[in-house]
Amino acid sequence: MSEQDQALPQQDENQIIAERRAKLKAIREAGVAFPNDFKREHQAGSLIAQFGDKSKEELEGLNIEVAVAGRMMLKRVMGKASFATVQDGTGRIQFYINDQGVGAETHAAFKHWDMGDILAARGVLFKTNKGELSVNVTELRLLSKSLRPLPEKFHGLADQEQKYRQRYLDLITNEFSRDTFVKRSKIVQGVREYMVAEGYLEVETPMMHPIPGGATAKPFVTHHNALDMALYLRIAPELYLKRLVVGGMERVFEINRNFRNEGMSTRHNPEFTMMEFYEAYADYQRMMELTEGVIQSVARAVCGSLHIQYQGKPVDLSRFERLTIVEAIKKYNPHYSDEQLSDRAWLKEEIVRAGGKPVLTDGIGGLQLSLFEEVAESQLWNPTFIVDYPVEVSPLARESDQHKGITERFELFVVGRELANGYSELNDPEDQAERFLSQVAQKDAGDDEAMHFDADYVRALEFGMPPTGGCGIGIDRLVMLLTDAPSIRDVILFPQMRHE
RNA sequence: GGGUCGUUAGCUCAGCUGGUAGAGCAGCGGACUUUUAAUCCGUUGGUCGCAAGUUCGAAUCUUGCACGACCCA
């Protein structure tokens with residue numbers, strides 16, 4: 001830590017915080033202010049699951065002693081009796097506090113404790129007259145004083161910016177947000193289990209690359225002092241994972257972060273999570289089957305169904321359609337003729353008419369792809385594999401044996417967004433070297449997203465890579481789909497933000 | 001990068017065609033022994049995002065900047 005960092009930053013103080021600091025000072029003077037000797041034995045969620053249905057009389061007969069702890073979210077002081085609603089990692093449970101249970105002194109102290117304080121209680125489970133499972137507290141402790149007031153108890157935290165910047169407040173106050181991140185964890189776990197069951201090995205490859213590769217994107221650059229060399233935060237793990245296939249790891253996957261130095265939006269965060277997987281002796285057809293299988297598997301596990309809602313509209317994950325780029329264009333634009341869609345000049349004009357940027361390339365496939373992006377992509381609501389991508393935009397994919405200029409590649413679209421991208425891998429080292437050279441030419445021509453020539457990767461291919469299929473699935477976007485989140489920032493715990 | 005909207009008490013929000021700031025929650029004091037966003041009475045709390053301009057006077061009008069949300073690229 002530098003000297004500068006050690007100085008306490010200016011904190012916003014106000015009357016409420018000052019009053020709470022005074023309370024904390026009094027607690028310090030009375031003894032240990034932040035005790036850690038309380039042994040919690042029960043959690044709210046399981047107590048409610050276990051005893052929530054029991055009647056008042058049944059509970060009296062059972063006489064269940066519990067030790068619970070959590071953050072005080074609601075407080076109702078009624079003179080000789082008080083109630084506190086306490087939230088732990090599993091749910092909420094109510095404390096009933098009176099002089100007989102905890103003694104007049106502790107009860108009086110409790111009346112000055114604040115919302116947000118971390119409390120612990122021992123006591124006996126009972127049901128109130130209104131039927132709420134509660135703890136009749138016999139021992140009550142303040143474990144952590146909260147100095148800052150929580151967001152308003154009813155409306156919670158409404159400010160989107162504060163939700164993202166102070167995610168802990170969002171998690172404390174917003175059950176929906178907590179649920180989203182629990183689901184995210186389950187989705188990642190489900191994906192991992194599915195791949196392992198398919199015989200895949202999970203690996204970790206470098207996040208810092210001497211040559212950025214595996215995708216067309218702008219990288220973040222950093223510097224290694226001891227080696228005095230530039231390093232790039234990876235834009236994709238692809239080239240390393242395929243080196244592993246060369247090395248004989250025939251089914252590998254990695255779930256990890258990629259970094260792309262591009263604009264931010266509701267669909268883009270500078271760092272995002274992808275799963276990439278590679279399988280020897282497989283092709284893009286097999287990759288589509290796996291992609292469909294893993295998405296359906298986690299959807300069943302997390303949503304309980306393949307028929308889900310996204311932003312108020314139904315999505316049917318039970319069937320994944322397959323269309324070529326031209327088929328997809330025609331499906332949503334039946335007025336286009338085959339002649340028009342194979343006419344370079346007409347395509348160029350139509351792309352601009354549809355709102356796209358003018359396209360410089362003369363490749364028919366590239367022009368069709370640009371038109372597809374303008375007039376079809378956003379309409380692909382139910383899962384759809386788009387196949388037959390032109391070779392000029394697929395520098396790592398294997399060219400089709402039947403159709404020159406077309407690669408054995410697919411992208412998966414759901415709710416109008418790209419969710420996955422896969423192909424039969426290019427394993428011809430001489431073809432790969434030529435593709436890299438073509439990329440370098442594009443880079444020299446000013447395209448700063450074009451790829452570098454990765455000589456070690458070509459060398460690896462020269463040792464011989466088996467025919468291989470590969471695919472990447474955007475985990476953040478998958479989580480968005482399955483948690484009904486409108487923005488990628490809603491599924492990333494700490495999304496990237498500007499300086500406050 | 002462009003457009004639209006927003007930024008007022010710790011939080012959620014009012015505040016009209018300019019006249020110097022308001023509610024609810026939270027806090028503080030009081031009443032209340034099964035409450036449920038507890039209720040009731042009293043009360044503290046503000047550089048109205050920042051800066052400049054117009055004006056006798058700006059939360060309010062104008063411009064710029066910062067940050068955010070949404071849409072478009």
Side-chain angles (χ1 to χ4, degrees), chain A residues 10-24 26 48 52 56 59-60 71-87 91-104 107-108 110-117 123-137 145-166 168-170 172-175 262-268 311 351-352 354-359 370 373-374 377-378 416 485-490 495-500:
Chain A
Q10 193 69 36
Q11 290 281 359
D12 50 316
E13 291 283 347
N14 60 48
Q15 186 188 2
I16 292 175
I17 294 174
E19 277 163 358
R20 291 192 182 194
R21 283 196 195 281
K23 290 179 188 177
L24 176 59
I48 286 162
K56 197 170 165 72
L59 277 172
E60 272 172 29
R71 188 183 298 277
M72 178 156 66
M73 301 304 291
L74 295 169
K75 180 186 170 192
R76 295 176 286 279
V77 174
M78 308 182 53
K80 299 223 165 47
S82 298
F83 295 87
T85 301
V86 170
Q87 173 173 297
R92 291 181 170 193
I93 194 158
Q94 178 168 264
F95 291 0
Y96 175 71
I97 300 149
N98 61 14
D99 289 1
Q100 292 93 308
V102 301
H107 189 197
F110 166 79
K111 291 177 184 176
H112 295 280
W113 295 353
D114 294 291
M115 240 92 95
D117 288 354
V124 176
L125 283 183
F126 78 110
K127 275 213 167 163
T128 62
N129 293 338
K130 297 283 170 62
E132 176 156 353
L133 187 71
S134 307
V135 180
N136 191 349
V137 178
K145 184 69 197 161
S146 168
L147 294 177
R148 289 179 176 273
L150 287 176
E152 202 251 4
K153 64 186 176 188
F154 186 62
H155 297 93
L157 191 59
D159 182 357
Q160 276 296 334
E161 177 185 356
Q162 215 178 342
K163 283 186 179 190
Y164 298 146
R165 289 193 193 276
Q166 294 177 267
Y168 42 90
L169 288 181
D170 183 34
I172 289 168
T173 54
N174 188 348
E175 188 180 356
E262 295 166 351
M264 284 154 57
S265 75
T266 49
R267 291 171 296 279
H268 299 86
Q311 301 297 294
I351 290 161
V352 176
K357 284 187 197 154
V359 180
S370 291
E373 287 170 355
E374 295 302 328
E377 183 176 310
S378 65
S487 169
I488 196 168
R489 292 176 167 185
D490 296 320
Q496 198 55 243
M497 304 285 280
R498 279 177 212 274
H499 293 295
E500 267 185 90

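Any value given below was found using the heavy atoms of this structure, including those in side chains, with hydrogens, waters and symmetry copies removed. Within every chain, numbering begins at 1; the chains are lettered A, B, ... in the order of the sequence lines, protein sequences first and strands thereafter.
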**Asked** Reading nucleotides 29-38 of chain B 5' to 3', which nucleotides get B (base under 4.0 Å from a protein heavy atom), which S (sugar-phosphate only), which -?
**Response** S--BBBBBBB

**Request:** Let me have a per-nucleotide readout for nucleotides 43-50 of chain B, 5' to 3', with B, S or -, counting only protein heavy atoms under 4.0 Å.
**Result:** -BS-----

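Look at NE2 on His268(A): it is 16 Å from P on A69(B), rounded to the nearest Å. Look at CD1 on Ile16(A): it is 13 Å from P on U12(B), rounded to the nearest Å. In this structure, Gln311(A) places its CD atom 13 Å from C1' of C70(B), rounding to the nearest Å. Gln166(A) places its CD atom 18 Å from the P atom of C67(B), with the value rounded to the nearest Å. Atom CZ of Arg148(A) and atom P of A9(B) are 15 Å apart (whole Å). Straight-line distance from the CD1 atom of Ile17(A) to the C1' atom of A26(B): 12 Å, rounded to whole Å.
The same atom, C1', is picked in C48(B) and in G15(B); the two are 10 Å apart, to the nearest Å. Remark: the separation of the P atoms in A31(B) and G49(B) is 40 Å, to the nearest Å. Spacing of P atoms, C70(B) relative to C25(B), comes out at 31 Å, to the nearest Å. Spacing of P atoms, G22(B) relative to C65(B), comes out at 34 Å, to the nearest Å. When the C1' atom is compared between G2(B) and G19(B), the two are found 39 Å apart, to the nearest whole Å.
Rounding to the nearest 0.5 Å gives a distance of 14.0 Å between CG of Leu24(A) and CD of Glu19(A). Leu150(A) CG to Met115(A) CE: the interatomic distance, rounded to the nearest 0.5 Å, is 8.0 Å.
In this structure, Glu175(A) places its CD atom where only 12 or fewer heavy-atom neighbours from other residues, nucleotides or ligands lie under 6.0 Å away.
A search for side-chain contact (heavy atoms from CB on, under 4.5 Å) contacts involving Gln166(A) returns Gln162(A), Tyr168(A), Leu169(A), not counting sequence neighbours. Under the ring pair (Phe, Tyr, Trp, His ring centres under 6.0 Å) criterion, Tyr96(A) pairs with Phe83(A), Phe126(A), not counting sequence neighbours. Under the side-chain hydrogen bond (donor to acceptor under 3.5 Å, both in side chains) criterion, Gln100(A) pairs with no residue, sequence neighbours left out. Under the rule for a side-chain contact (heavy atoms from CB on, under 4.5 Å), the partners of Val124(A) that lie at least two apart in sequence or sit in another chain are Asn63(A), Glu65(A). Applying the side-chain hydrogen bond (donor to acceptor under 3.5 Å, both in side chains) rule to Ser370(A) yields no partners; only residues at least two apart in sequence or on another chain are considered. Under the salt bridge (charged side-chain N to carboxylate O under 4.0 Å, His left out) criterion, Lys23(A) pairs with Asp114(A), sequence neighbours left out. Ala26(A) is linked by a side-chain contact (heavy atoms from CB on, under 4.5 Å) to nothing, counting only residues two or more places apart in sequence or in another chain. Every residue meeting the side-chain contact (heavy atoms from CB on, under 4.5 Å) condition with Glu60(A), not counting sequence neighbours, appears here in chain and number order: Lys56(A).
Nucleic acid contact class of Arg165(A) (heavy atoms, under 4.0 Å, all strands): sugar-phosphate only. Here Gly263(A) lies out of heavy-atom contact (under 4.0 Å) with every strand. Residue contacts for Lys163(A): at a heavy-atom cut-off of 4.0 Å it reaches no nucleic acid atom on any strand shown. Here Asp99(A) lies out of heavy-atom contact (under 4.0 Å) with every strand.
Every pair passing salt bridge (charged side-chain N to carboxylate O under 4.0 Å, His left out) that includes a residue from residues 152-163 of chain A is listed here, sequence neighbours excluded: Glu161(A)-Arg165(A).
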Expected rows: protein N/O vs nucleotides 71-73 of chain B N/O, under 3.5 Å:
none

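Nucleotide G29(B) is matched to C41(B) when pairs are restricted to Watson-Crick or G-U wobble geometry with both distances under 3.5 angstrom.
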